[in-house]
Amino acid sequence: MTAASQPTQRRVSTRLASITESATLAVDAKAKALAAAGRPVIGFGAGEPDFPTPDYVVEAAVVAARDPRWHRYTPAGGLPELRQAIAAKTLRDSGLAVDPSQVLVTNGGKQALFNAFAALLDPGDEVLLPSPYWTTYPESIRLAGGEPVVVPTDESTGYLVPIDRLEAARTPATKALVFVSPSNPTGAVYPPEQVEAIGRWAVDRGLWVVTDEIYEHLVYGDARFSSMPTLVPELADRCVVVNGVAKTYAMTGWRVGWLIGPPDVVKAATNLQSHSTSNVANVSQVAALAAVSGDLSAVGVMRQAFDRRRLAMVDMLNAVPGFSCPEPLGAFYCYPAVHGALDRDIRGRTPTTSAELAALILDEVEVAVVPGEAFGTPGYLRLSYALGDTDLVEGVGRIQRLLSEE
Ligand SMILES: Cc1ncc(COP(=O)(O)O)c(C=O)c1O
């Protein structure tokens, strides 16, 4: 039989055909392309610090690149000294004692999530996913054969999910809960009592928790980060912690993250990684080793700048007609509700969705923002405040002026 006589055969698998491009990366790429073409575009799309990686981290990588020892394959699970340092850092920052063998070093937090869901989920397993959610969770759950079950939250509860809503979404097929605090895209930070209550609920129901702690050091005001398995030690046997160096050390491009979990899950995920990507680039691992073994002064400097920009941005967004923005307490995003800015004429166009509004803002005033559709909640926009103060004021100012036009 010739290929031409098999018209029903798909070229791209059903599994991958259903995956969409990361909307946040797409917005960022569009803004960067416009800027490269000389347009005065201001991008609020990126989920990355605008600071360079600290010098001592870069220096460690330069030295490593020259050392032939790092020019070869290394263990798939990560450099032993890095796994050790991650275990020590986890005890220092989260109060969670783990053995280095429970750490798997991955290509960023993203691969940690893909590995975790691949290790945990069978076809049909349901995963509770509070929304607004970061755009990669549903795709990584689905690719592993699982079914994301969205549990909506909104600004009325500060984007925190009440336990009764989790309980209402639970079925006999529920295997796990995704928990992320501080949150991307909302900047919400759960108070410790609520982290503990959700952890206890998961233990009582026999559920797994995949908890994403990548923004642990970016909290503001009175907000405090708390790690669920530290507050609920009984959860340790059913908990996977995801983390990485990207946000804390301005290292998004180096691609180093990790997962921490019970030995059987870490072993399964390591086996998968041994076939998919092998070890993370050694130079990056040595850089990550310098980062996590060092102090937290670099993130302290970034946090101060983000805090200042956060307060400026939230004030400016609340002054945009039709926007309503709760104060974010963590990460580096504002997540205003924009329902009040829809369904009215703006320069001859009438956006009816946040996706249309984001497109209009980009076309008319060259400001890139990510629509809430990317996070499972139409009617919102995400703006990162990890960009320079002047650009921030200019960019939100352009939106303000556009939406104030009669
Ligand atoms: C909530 C959350 N988790 C994980 C990641 C993954 O980060 P990386 O793969 O760069 O380590 C991100 C990046 O935007 C994120 O926002």
Side-chain angles (χ1 to χ4, degrees), residues 21-29 43-51 53 57 78 82 86 89 103-117 127 129-141 148 159 161 177-190 209-219 225 227-228 240-260 269 273 276-277 280-281 284-285 287-288 291-292 299 302 306 328-335 370 372 374-377 382-387:
E21 180 187 11
S22 159
T24 50
L25 292 188
V27 168
D28 190 43
F44 290 102
E48 59 185 349
D50 56 319
F51 291 80
T53 302
V57 174
L82 178 56
I86 290 168
K89 164 251 169 288
V103 177
L104 167 62
V105 180
T106 57
N107 273 286
K110 273 187 183 167
Q111 193 186 21
L113 286 165
F114 274 80
N115 285 349
F117 292 128
V127 181
L129 179 62
S131 72
Y133 50 73
W134 179 48
T135 170
T136 289
Y137 298 129
E139 305 295 19
S140 49
I141 292 167
Y159 300 114
V161 69
L177 162 72
V178 173
F179 183 77
V180 46
S181 171
S183 153
N184 174 5
T186 65
V189 179
Y190 283 77
V209 177
V210 174
T211 176
D212 186 336
E213 303 189 343
I214 205 149
Y215 293 100
E216 63 181 328
H217 292 294
L218 296 175
V219 291
F225 162 75
S227 180
M228 193 179 277
V240 177
V241 177
V242 171
N243 206 332
V245 292
K247 319 288 176 174
T248 302
Y249 304 98
M251 291 179 70
T252 46
W254 298 77
R255 311 308 306 134
V256 183
W258 56 85
L259 65 78
I260 295 173
Q273 193 164 298
S276 59
T277 54
V280 173
S284 287
Q285 289 199 68
V292 299
V299 68
M302 291 200 298
F306 293 153
L329 298 174
F332 38 62
Y333 309 100
C334 283
Y335 202 66
V370 188
F375 309 105
T377 49
R382 190 193 78 174
L383 291 88
S384 161
Y385 46 85
L387 79 174

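Indexing begins at 1, ligand by ligand and atom by atom, following the structure's order. Along the sequence shown, residues carry numbers from 1.
Here the side chain of Gln273 pairs a donor or acceptor atom with the backbone of Val105 at under 3.5 angstrom. Remark: the backbone N or O of Tyr159 is not paired with any side-chain donor or acceptor of Thr186 at under 3.5 angstrom.
Ser384 meets the side chain to side chain contact (heavy atoms under 4.5 Å, CB included) test with Phe332, Tyr333, Ala386; sequence neighbours excluded. Listed by chain and number, the residues in a side chain to side chain donor-acceptor pair (under 3.5 Å) with Lys110 amount to none (sequence neighbours excluded).
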Residues 252-260 side chain polar contacts: donor-acceptor under 3.5 Å, at least two apart:
residue, atom, partner, partner atom, Å
Thr252, OG1, Glu48, OE1, 2.6
Trp254, NE1, Thr53, OG1, 3.0
Arg255, NH1, Thr252, O, 3.0

Short N or O separations between ligand 1 and the protein, below 3.5 Å:
residue, atom, partner, partner atom, Å
ligand 1, 3 (N), Asp212, OD1, 3.4
ligand 1, 3 (N), Asp212, OD2, 2.6
ligand 1, 9 (O), Gly109, N, 3.1
ligand 1, 9 (O), Lys110, N, 3.0
ligand 1, 9 (O), Arg255, NH2, 2.8
ligand 1, 10 (O), Arg255, NH1, 2.7
ligand 1, 11 (O), Gly109, N, 2.7
ligand 1, 14 (O), Lys247, NZ, 2.6
ligand 1, 16 (O), Asn184, ND2, 2.7
ligand 1, 16 (O), Tyr215, OH, 2.8

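Counting heavy atoms from C-beta on, the side chains of Val242 and Glu213 never come closer than 4.5 Å.
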